[in-house]
Amino acid sequence: MKTLIAYFSHRGMNYAPGGMVELKVGNTERAAKAAAELTGAPLFEIRAERDYPFDYHECVEVSKRELKENARPALAELPEGLGELETLVLCYPCWCGTMPMPVWSFLEALGPGAPRILPLCTNEGSGMGRSEADIRRLCPGAELAKGLSVMGSAAGEAGPEIRAWLEKNRLL
């Protein structure tokens with residue numbers, strides 16, 4: 001497998017301009033699906049063994065605790081062929097200024113010889129946070145492309161922005 005679109009997304013109550021909304025499909029999942037449709041690359045959902053709370057505030061508390069503890073939640077599964085991967089489009093929401101901890105678990109599973117990584121981060125105004133620096137620390141041998149920050153509440157309409165970013169990074 002040359003390219004993989006891997007994503008972590010939260011379904012349930014989510015913050016959006018104007019208040020809370022219930023998402024049946026998470027914002028990051030929408031962005032990741034757009035990237036997969038554009039590239040034709042396989043899509044893989046990064047899932048922790050335990051689901052995160054449906055409630056936004058409860059989910060924030062869990063994510064804060066995991067970050068403080070430097071936790072590495074066990075993952076439900078890993079995709080086959082990670083060692084053969086050349087390019088990883090890594091999609092995640094900005095939680096507590098960085099990536100959710102299951103994404104850390106996923107990146108550490110790549111091991112040495114990590115592929116080229118293109119980070120795509122959904123958020124409601126915090127941008128990429130410190131996630132790019134964290135990716136560099138977790139995958140020191142990887143080539144890291146400039147990330148794309150996508151407004152989560154507009155992820156469903158971000159196809160043209162995602163296309164331009166993928167083109168710039170020679171995936172289209």
Side-chain angles (χ1 to χ4, degrees), residues 4-38 41 43-79 88-110 117-139 144-159 161-162 165-166 169:
L4 176 67
I5 314 295
Y7 72 95
F8 178 91
S9 195
H10 181 257
R11 296 171 194 89
M13 296 306 293
N14 202 353
Y15 174 78
M20 293 292 167
V21 294
E22 181 180 336
L23 300 177
K24 294 188 187 321
V25 176
N27 293 327
T28 308
E29 183 176 354
R30 292 173 199 264
K33 284 182 175 179
E37 286 176 19
L38 288 163
L43 189 63
F44 177 79
E45 182 179 9
I46 300 167
R47 291 182 300 109
E49 282 185 348
R50 289 192 212 161
D51 288 336
Y52 283 81
F54 177 87
D55 180 82
Y56 175 81
H57 299 289
E58 290 175 24
C59 187
V60 167
E61 289 307 311
V62 170
S63 66
K64 282 181 186 177
R65 185 180 69 244
E66 286 181 344
L67 183 61
K68 182 179 178 184
E69 295 171 357
N70 200 26
R72 295 299 188 272
L75 300 178
E77 63 181 325
L78 287 170
L88 171 64
V89 178
L90 182 66
C91 307
Y92 53 88
C94 187
W95 281 11
C96 303
T98 189
M99 307 166 288
M101 297 315 282
V103 178
W104 294 56
S105 298
F106 180 80
L107 287 172
E108 287 179 346
L110 292 174
I117 301 173
L118 283 70
L120 184 158
C121 179
T122 60
N123 60 85
E124 289 303 325
S126 59
M128 303 290 292
R130 67 178 181 279
S131 64
E132 290 169 298
D134 288 335
I135 293 169
R136 270 191 199 89
R137 270 198 347 265
L138 290 165
C139 303
L144 182 63
K146 173 110 178 79
L148 177 65
S149 173
V150 172
M151 284 295 283
S153 55
E157 295 82 44
E161 183 181 7
I162 294 169
W165 177 68
L166 291 170
N169 285 287

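As the structure is a prediction and not an experimental result, all values here were calculated from the model.
Here the shortest heavy-atom pairing between A145 and N169 reads CB-OD1, 3.3 Å. Taking both residues in full, the closest heavy atoms of A155 and V150 are given as CA-CG1, 4.0 Å, listed atom of the first, atom of the second, then distance. Closest heavy-atom contact between C121 and M128: CB-SD, 3.4 Å.
Under the salt bridge (charged side-chain N to carboxylate O under 4.0 Å, His left out) criterion, no residue pair touches residues 93-107, with sequence neighbours excluded. Sorted by first and then second residue, the side chain to side chain donor-acceptor pair (under 3.5 Å) pairs involving residues 118-136 (not counting sequence neighbours) are T28-T122, Y92-S131, T98-D134, N123-S149, E124-S153, D134-R137. Applying the salt bridge (charged side-chain N to carboxylate O under 4.0 Å, His left out) test to every pair with at least one member in residues 25-35, sequence neighbours left out, gives these pairs: R11-E29, E29-K33. Here salt bridge (charged side-chain N to carboxylate O under 4.0 Å, His left out) pairs that include residues 47-56, with residues two or more places apart or in two chains, are R47-E77.
Here the side chains of Y52 and P102 are in contact, with some heavy-atom distance below 4.5 Å. Put simply, the side chain of F106 does not reach to within 4.5 Å of the side chain of M99, judged on heavy atoms.
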After noting the C-alpha distance and the side-chain angles of L107 and I117, does the key distance pass the side chain to side chain contact (heavy atoms under 4.5 Å, CB included) rule? CA-CA 10 Å; L107 287 172; I117 301 173; 4.2 Å; yes
Going through the checks in order, is the side chain to side chain contact (heavy atoms under 4.5 Å, CB included) test met by N70 and W104? CA-CA 9 Å; N70 200 26; W104 294 56; 4.3 Å; yes
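The SG atom of C96 sits 9.0 Å away from the CD atom of E66 when rounded to the nearest 0.5 Å. The structure places CD1 of I46 at 5.5 Å from CG of L90, a figure rounded to the nearest 0.5 Å. Atom CD1 in I135 sits 5.5 Å away from atom CG in L144 (nearest 0.5 Å).
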Cut-off 3.5 Å, no hydrogens considered: what does the side-chain donor-acceptor table look like for residues 56-65, sequence neighbours left out?
unit_1, atom_1, unit_2, atom_2, d
S63, OG, C59, O, 3.3
S63, OG, V60, O, 2.9

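Remark: A32 pairs with I5, Y7, L43, C91 by the side-chain contact (heavy atoms from CB on, under 4.5 Å) rule, at least two apart or across chains. For E157, there are no salt bridge (charged side-chain N to carboxylate O under 4.0 Å, His left out) partners two or more places apart in sequence or in a different chain. Residues that satisfy the side-chain contact (heavy atoms from CB on, under 4.5 Å) test with A133, not counting sequence neighbours, are absent from this structure. Every residue two or more places apart in sequence or in another chain that forms a side-chain contact (heavy atoms from CB on, under 4.5 Å) with E22 is listed here: M13, K24, F54. Here W165 pairs with nothing under the ring-ring contact (aromatic ring centres under 6.0 Å, His included) rule; sequence neighbours left out.
A donor-acceptor pair under 3.5 Å is formed between the side chain of H10 and the backbone N or O of P53.
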